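Only a predicted model underlies this, so the values are computations on that prediction, with no experimental measurement involved. Note that the numbering runs from 1 along the sequence shown for the chain.
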Amino acid sequence: MNSNDTKIREQQMDDARQGNAVNHNRSVRQIMETIYMQKEWGGVKQEFYSGQGSHLPKIVDPYVRKINQFLNAFTPKLRVCDLGCGDFNVGKQLVKASVQYIGVDIVADLIVRNKTLFKRPNLEFMTLDIISDDLPEADCVLVRQVLQHLSNEQIGFIIKKLKKFKYMIVTEHLPKGDFVANMDKKTDASIRLFENSGVVLTESPFDLSPLKQRSLIQIHLKKGQIETTLYQNF
C-alpha cells in the first residue's frame with residue numbers, strides 16, 4: 001500500500017468513527033430494522049425487500065445456477081447456512097440442493113414472514129445476530145452481500161466464526177480496476193463501492209488464509225462488479 005492509499009484509509013476510518021459515534025446507541029438489529037422499514041434498499045410495495053442484488057435477474061440468475069451446481073456435486077448433500085438470508089428471494093431457489101438449509105437474519109419480523117411464506121421439510125429459519133451469536137452447524141455457509149454493509153470490527157468478529165465451516169461462499173460488490181481494500185465504514189445501508197473500496201477477506205485487517213479459494217462468479221455492472229468467491233477452510 002502506498003502513502004496515498006494509507007492516507008485515504010486513515011481518512012475513511014476517521015469518517016467511519018464519526019458515523020459510528022452517531023449510531024453508538026443503536027444496535028445492528030435496530031439499524032437493519034430501520035433499513036427495511038424505511039425502504040432504504042427499495043421495494044416500496046413490498047413489506048420486506050432486500051435490494052436489487054436479491055432481485056435483478058442479471059445478478060440473481062447466474063448466482064443461483066452456480067451455487068446449485070456446486071451444491072448438487074456433493075453426495076450426500078451438504079448442510080447449508082445462509083447468513084443474512086433477507087427476503088429469501090435467492091435462498092428459496094437453493095433449498096432443494098441441500099440436505100438442510102438454515103436461513104439466518106437479524107430482523108425478527110422478517111424471519112417470521114419467511115417462516116410463513118417458505119415451508120420445506122429441510123428448511124429452517126433462525127433470528128440471530130451473526131456478529132455476537134453462535135452460528136448453526138453446517139458444512140457450507142453463504143454470505144451474500146452482507147459484509148459490505150458492516151464495519152471492519154464487526155466483519156472481524158464474523159470471520160472468526162466462519163472458519164468453522166468447511167466451505168464459505170462469500171459475495172461482495174467491488175469496484176472495477178484498482179481500489180483500496182477494506183476501508184472502514186459505519187454500519188448502514190451503504191457499501192464501500194462509492195469510496196472506491198470493497199471487502200477483500202484475504203487482505204488486511206482480516207487476513208483470511210483458507211486452504212483453497214477460487215472465484216465462482218463475476219457479474220460486471222455499470223458500477224463495479226459483484227464477485228462470488230469459494231473458500232475452503234479445511
Side-chain angles (χ1 to χ4, degrees), residues 41 49-105 114 118 120 122-125 130 135-136 138-150 155 158-159 161-177 179 181 191-193 198-203 206 208-234:
W41 288 328
Y49 184 81
S50 295
Q52 291 186 342
S54 295
H55 288 268
L56 283 182
K58 179 178 180 179
I59 297 173
V60 173
D61 292 351
Y63 178 88
V64 169
R65 283 195 300 270
K66 181 60 74 170
I67 303 307
N68 273 325
Q69 181 183 35
F70 172 79
L71 295 176
N72 283 322
F74 289 89
T75 304
K77 293 182 178 180
L78 301 181
R79 296 169 296 167
V80 176
C81 182
D82 183 350
L83 301 184
C85 66
D87 62 23
F88 213 56
N89 187 60
V90 176
K92 69 182 181 183
Q93 303 177 70
L94 305 173
V95 176
K96 286 184 179 180
S98 65
V99 66
Q100 181 186 23
Y101 197 102
I102 305 170
V104 172
D105 207 281
N114 286 353
F118 307 103
R120 296 267 179 116
N122 64 328
L123 175 61
E124 179 182 359
F125 290 102
I130 65 174
L135 301 182
D139 305 300
C140 177
V141 63
L142 308 179
V143 191
R144 191 180 55 81
Q145 293 179 259
V146 172
L147 304 180
Q148 60 196 27
H149 298 293
L150 304 178
I155 294 171
I158 295 169
I159 293 305
K161 300 178 185 183
L162 297 187
K163 292 179 181 179
K164 78 171 187 176
F165 300 99
K166 183 171 184 177
Y167 301 106
M168 296 167 44
I169 300 179
V170 180
T171 304
E172 289 293 317
H173 198 158
L174 303 174
K176 294 180 180 178
F179 64 90
I191 63 176
R192 294 165 175 79
L193 177 72
V199 176
V200 182
L201 297 183
T202 54
E203 295 193 19
F206 311 123
L208 181 70
S209 299
L211 179 65
K212 299 178 182 178
Q213 76 175 80
R214 64 184 173 95
S215 176
L216 289 182
I217 321 158
Q218 285 186 337
I219 300 170
H220 298 279
L221 306 173
K222 289 183 179 179
K223 295 182 178 180
Q225 61 188 24
I226 297 178
E227 182 157 350
T228 298
T229 305
L230 168 65
Y231 303 94
Q232 183 177 338
N233 289 322
F234 51 86

Do the side chains of [Y] and [X] get nearer than 4.5 Å, heavy atoms only?
{"X": "Y231", "Y": "L211", "answer": "no"}
{"X": "K96", "Y": "L71", "answer": "no"}
{"X": "I169", "Y": "V143", "answer": "no"}
{"X": "K164", "Y": "V141", "answer": "no"}
{"X": "V104", "Y": "C81", "answer": "yes"}
{"X": "Q213", "Y": "T229", "answer": "yes"}
{"X": "V80", "Y": "Y167", "answer": "no"}

Worksheet item: For atom NZ of K176, is the number of surrounding heavy atoms from other residues, nucleotides or ligands below 6.0 Å larger than 12?
Response: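 Yes, the 6.0 Å shell around NZ holds more than 12 heavy atoms from other groups.
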Discussion item. Quick check on E124: does its CD atom have over 12 non-hydrogen neighbours (other residues, nucleotides or ligands) under 6.0 Å away?
Written reply: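 Yes, enclosed.
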Backbone N/O of [Y] and side chain of [X]: donor-acceptor pair under 3.5 Å:
{"X": "Q232", "Y": "F234", "value": "yes"}
{"X": "R192", "Y": "Q148", "value": "yes"}
{"X": "K58", "Y": "L221", "value": "no"}
{"X": "N89", "Y": "S54", "value": "yes"}
{"X": "D105", "Y": "G86", "value": "yes"}
{"X": "N233", "Y": "P210", "value": "no"}

Worksheet item: For residues Q225 and H220, is any side-chain donor paired with an opposing acceptor at under 3.5 Å?
Response: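 On atom types as modelled, these side chains qualify, holding a pair under 3.5 Å.
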Practice prompt. Taking atom types as modelled, find out whether D82 and Y101 have a side-chain donor-acceptor pair closer than 3.5 angstrom.
Written response: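 Per modelled atom types, D82 and Y101 side chains form a pair under 3.5 Å.
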Discussion item. If I compare all heavy atoms of L208 with all of K163, which pair ends up nearest, and what's the gap?
Written reply: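 Smallest interatomic distance, heavy atoms only, reads CD1-CE, 3.9 Å.
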Worksheet item: Which heavy atom of K223 sits nearest a heavy atom of L193, and at what distance?
Response: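 The answer is O-CD2, 3.6 Å.
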Worksheet item: Can K166 and D139 be counted as an ion pair, charged N to O under 4.0 angstrom?
Response: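 Between D139 and K166 there is no salt bridge, as every charged N stays at least 4.0 Å from the carboxylate O atoms.
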Worksheet item: According to the interplanar angle, ranging from 0 to 90°, do the rings of F125 and F88 count as parallel (below 30°), tilted (30 to 60°) or perpendicular (above 60°)?
Response: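 Judged by the thresholds at 30° and 60°, the geometry between F125 and F88 is perpendicular.
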Item to complete: State whether Y63 and R144 meet the cation-pi test: NZ (Lys) or CZ (Arg) under 6.0 Å from the six-membered ring centroid, and within 45° of the perpendicular axis.
Response: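 So R144 does make the cation-pi contact.
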